[in-house]
Amino acid sequence: MKNEIRARVVKSLERCYANCSLSSGRIPEIVIEVPNHADHGDYASNIAMALARAEKKPPKKIAEILVQELAGSDRFFERIEIAGPGFINFFINKDVWRESLRKIVDSGDDFGKSTVGKGTRIQVEFVSANPTGPLHIGHGRGAATGDAIASILTAAGFDVVREYYINDAGNQMDTLGRSVYLRYRELLGQTVEFPENCYQGNYIRDIARDLITKFGDRYLEMPEDEAIRQCSKIGGDVILKGIKQDLADFGVVHDTWFSEQTLFDSGKVADSISYMREKGLLYENEGALWFRTTDFGDDKDRVVVRGNGVTTYFASDIAYHREKFEQGFDIVVDVWGADHHGYVPRLKSVVQGLGRNPDDLKIVLVQLVALLRDGAPVAMSTRSGEFVTLKEVVDEVGRDAARFFFLMRRSDSQLDFDLELAKRQNSENPVYYVQYAHARICSIFESACEKGLSPSDSSLACLGTPDEMSLIKMLSVFPEIVAGSALCFEPHRVPYYLQELAGQFHSFYNRNRVLGEDDELTSSRLYLLKCTAQVLKNGLLLLGVSAPDRM
RNA sequence: GCGCCUGUAGCUCAGCUGGAUAGAGCAACGGACUUCUAAUCCGUAGGUCAGAGGUUCGAAUCCUCUCAGGCGUGCCA
């Protein structure tokens, strides 16, 4: 709808220049927006004000000239008004709005999709938790966010791949192996000292116990180094398997799993270092090799290879991001915990070092989740291993509530997640509010079916009350919401929209009888509700939340 | 010290890349079920958009400074 209006404005402007009623010849960027108040029309534009300076005419005068051209012969606009300092307010013909419903039914599950992404190849990397422990609630938010972003991008016409980066190199895997090995010895009756920097969680004992069940005490008989190496391998595999399971239970499926270790095995880390060295971006100082990230605005340069010859995590990241672009992605999205925000400038430096635009890498920061129970914080401590896992949360509140809650807020603002609220089945809980709207419509259709009534678009002109019109308008805007959400990497816009839409529907429902005396009105209203249910469903599915038929 | 983020109704948050009289939900108060699901709706009340300057036709939004809170600032991952 916006694009339609924009196109008409451009055409009128061109005609004004052709007949010399306007002279600057400028076609500025035309902003069409939905005003806050219904009195201001369905859409409004500030174009006249934007042109005031170039035209050297008062905005109202320009608006008048433009509106004359816009009025046109067809009945697209019901009327056009000039208001305030020079706004042009567009009132769209009701028939145009009613017609928009047919598009929803015709498109069905595809309604909401668009082509704004133009097939751009884009990779969304998310979760990417180290395989040293189970996913906790913070990872859950990252998972929901990354997955929703990927779905929304897909709907907006991007070519999307979901990736998980496995940090299976470096010394945290060593620590994992040592942790498992020590617990293993402990369980076999040996007295061991368990260092503080080892992983404290009970899941380590579980893995050790499994080792005993399967292999007895064979690891006691081999050299400690070898035993730790094997414990590391087995432990990592078990934990990764658990992570995959937790994600699957949460409805998240990655297309690709990328192992950091393969970057070393294939020599890509070394290659990337040579590549950056040739570009003159590396230098040696005090025995270490540094990347000149300050060239690109970072606070200080960063070490790539330490004095002891071991590469840093940053070295892997260079190779990894180079690899992403070499795979042909136009845009690469990294979803990170907000505590990593200090790493943004150095990764942006890498991207520029690769000769690309820094905007080709989009980093989405996901803030912490504060877990509450009836308003009181739930104690969590990663250090002691007493964190709340994603699995526990999903088991308690369900997948739908968890996902919706994670996505309700802008991802870079902190989130209060109240477990009791998420389980509550009343109006305090926004998940149920939206799902209930869907279920309610389905229930109406059940009754309609029993009475032999069905939706029809043959007399849509019956629809016209303010309740009906605002519902129709809200439905038609869904593709724009999805597109905007995609282009800005802001998934929270979708749950917001859905809450508003559900509200609009509930309000309509309480004021209007759907299955009534008048057959034409009934079938038209059923048609409207069919569209509403479709949009609710399409929106919820983008979030990975189910749209139940019955509650 | 330096850097990033946040500051909007009692609480939790939106505010569409500068627009018209700043919006929801919850909590509070008052109403609505003999009718398609009351897991709902209607109404009332609630604001110095942290503060001060600046940019312009116009600022919650952009710039500068101040205050408050969070995070980051390893040859850790």
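In the text below, chain A, chain B and the rest are named by the order of the sequence lines, each starting its count at 1.
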Any donor-acceptor N or O pair under 3.5 Å, side chains Asp334(A), His321(A): yes

Is any side-chain nitrogen or oxygen of Ser507(A) closer than 4.0 Å to OP1 or OP2 of rC42(B)? yes

Pick the P atom in rG7(B) and in rA50(B), then give their distance to the nearest Å. 7 Å

By nearest-heavy-atom nucleotide on RNA chain B, the more 5' of Arg302(A) and Ala448(A) is Ala448(A)

When both distances are under 3.5 Å in a Watson-Crick or G-U wobble arrangement, the nucleotide paired with rG1(B) is rU73(B)

Taken to the nearest whole Å, OH/Tyr527(A) to C1'/rC36(B) is 21 Å

Distance between the C1' atoms of rG46(B) and rG25(B), in whole angstroms?
-> 14 Å

Point to revise | Distance between C1' atoms of rG1(B) and rA59(B) (Å, rounded) | key: 33 Å

Taking only the P atom of each, what is the distance from rG31(B) to rG19(B) in whole angstrom? 41 Å

Open item on the list: Check the phosphate of rU73(B) against Tyr343(A), side-chain N and O only, distance under 4.0 Å to OP1 or OP2. Yes or no?
Closed with: yes

Output for pair (Phe291(A) CZ, Leu281(A) CG), nearest 0.5 Å, gives 4.5 Å

Between rA77(B) and rG18(B) - P atom distance, rounded Å: 41 Å

Considering only heavy atoms and no angle criterion, is a donor-acceptor pair shorter than 3.5 Å present between the side chain of Asp174(A) and the base of rA77(B)? no

By the Watson-Crick or G-U definition, both distances under 3.5 Å, rG23(B) is matched with rC13(B)

Look at the rings of Trp257(A) and Tyr164(A) and say which category their plane angle falls in: under 30° parallel, 30 to 60° tilted, over 60° perpendicular.
-> parallel

* Would Glu260(A) and Ser316(A) count as having a side-chain donor-acceptor pair, cut-off 3.5 Å? -> yes

Here the distance between atom C1' of rA77(B) and atom CG of Asn171(A), to the nearest Å, is 7 Å

* Does the side chain of Asn510(A) reach to within under 4.5 Å of the side chain of Phe508(A), using non-hydrogen atoms? -> no

Can you tell me, in whole Å, how much space there is between the C1' of rA22(B) and that of rA9(B)?
11 Å

Result for 5'-nearest mapping on RNA chain B, choosing between Val305(A) and Tyr433(A), is Tyr433(A)

#### Entry: Phe505(A) side chain near Arg440(A) side chain, heavy-atom distance below 4.5 Å
yes

Taking a pair to mean Watson-Crick or G-U wobble geometry with both distances below 3.5 Å, rC65(B) pairs with rG51(B)

task: Sticking with atom P, work out how far rU44(B) lies from rA24(B), rounded to a whole angstrom.
output: 11 Å

With syn meaning chi within 90° of zero and anything else anti, the base of rC67(B) is anti

Query - Sugar-phosphate, base or nothing in reach of Asn197(A), heavy atoms under 4.0 Å - result: nothing

Report task. Please state whether the base of rG72(B) and the side chain of Asp339(A) form at least one donor-acceptor pair under 3.5 Å? Result -> no

For Ala44(A), answer base if it contacts any base atom (sugar-phosphate contacts may also be present), sugar-phosphate if it contacts only those atoms, and nothing otherwise; contact means non-hydrogen atoms under 4.0 Å. base

- Mind checking whether Tyr343(A) and Phe314(A) have ring centres under 6.0 Å apart? no

Letter by letter from the 5' end, nucleotides 7-16 of chain B scores (B base, S sugar-phosphate only, - none; protein heavy atoms under 4.0 Å) -----BSSSB

Quiz item: Is there aromatic stacking of His40(A) against rA20(B), centre distance under 5.5 Å, plane angle under 30°?
Solution: yes

_Classify Asn512(A) by what it touches in the nucleic acid, base, sugar-phosphate, or nothing, heavy-atom distance under 4.0 Å._
base

Separation of rG3(B) atom C1' from His340(A) atom NE2, nearest Å, is 17 Å

By ring-ring contact (aromatic ring centres under 6.0 Å, His included), His139(A) pairs with (sequence neighbours left out) His136(A)

Whole-Å distance, Tyr497(A) OH to rA24(B) C1', equals 16 Å

(message) rC76(B), OP1 or OP2 - any side-chain N/O from Arg306(A) closer than 4.0 Å?
(response) yes

| said: I want to check one thing: is the phosphate of rC42(B), taken as OP1 and OP2, less than 4.0 Å away from some side-chain N or O of Tyr509(A)? | reply: no

Between CG of Asp298(A) and P of rG3(B) the distance, given in whole Å, is 13 Å

When rounded to whole Å, the NZ to C1' distance for the pair Lys362(A) and rU17(B) reads 12 Å

From the candidates rC41(B), rC36(B), rG74(B), the one with an atom nearest any side-chain atom of Lys300(A) is rG74(B)

Exercise. Should Arg306(A) and Thr312(A) count as side-chain neighbours, where that means a heavy-atom distance under 4.5 Å?
Worked result: yes

Atom CG of Leu368(A) and atom P of rU6(B) are separated, to the nearest Å, by 15 Å

- Using only side-chain N and O atoms of Lys451(A), determine if any of them is under 4.0 Å from OP1 or OP2 of rU35(B). no

In this structure, OH of Tyr165(A) is separated from CG of Asn167(A) (nearest 0.5 Å) by 5.5 Å

Rounded to whole Å, the CG-P distance (Leu498(A) to rG25(B)) equals 16 Å

When both distances are under 3.5 Å in a Watson-Crick or G-U wobble arrangement, the nucleotide paired with rA32(B) is rU40(B)

- Gap in Å between the two C1' atoms, one belonging to rG69(B) and one to rC76(B), rounded: 27 Å

- Salt bridge check: are Glu163(A) and Lys324(A) linked by an N-O gap of less than 4.0 Å? no

Of the candidates rU40(B), rA77(B), rA20(B), the side chain of Thr312(A) sits closest to rA77(B)

pair_partner(rA60(B)), Watson-Crick or wobble, both distances < 3.5 Å, evaluates to none

With a 4.0 Å cutoff (strictly under), does any side-chain N or O of Arg525(A) reach OP1 or OP2 of rC36(B)?
no

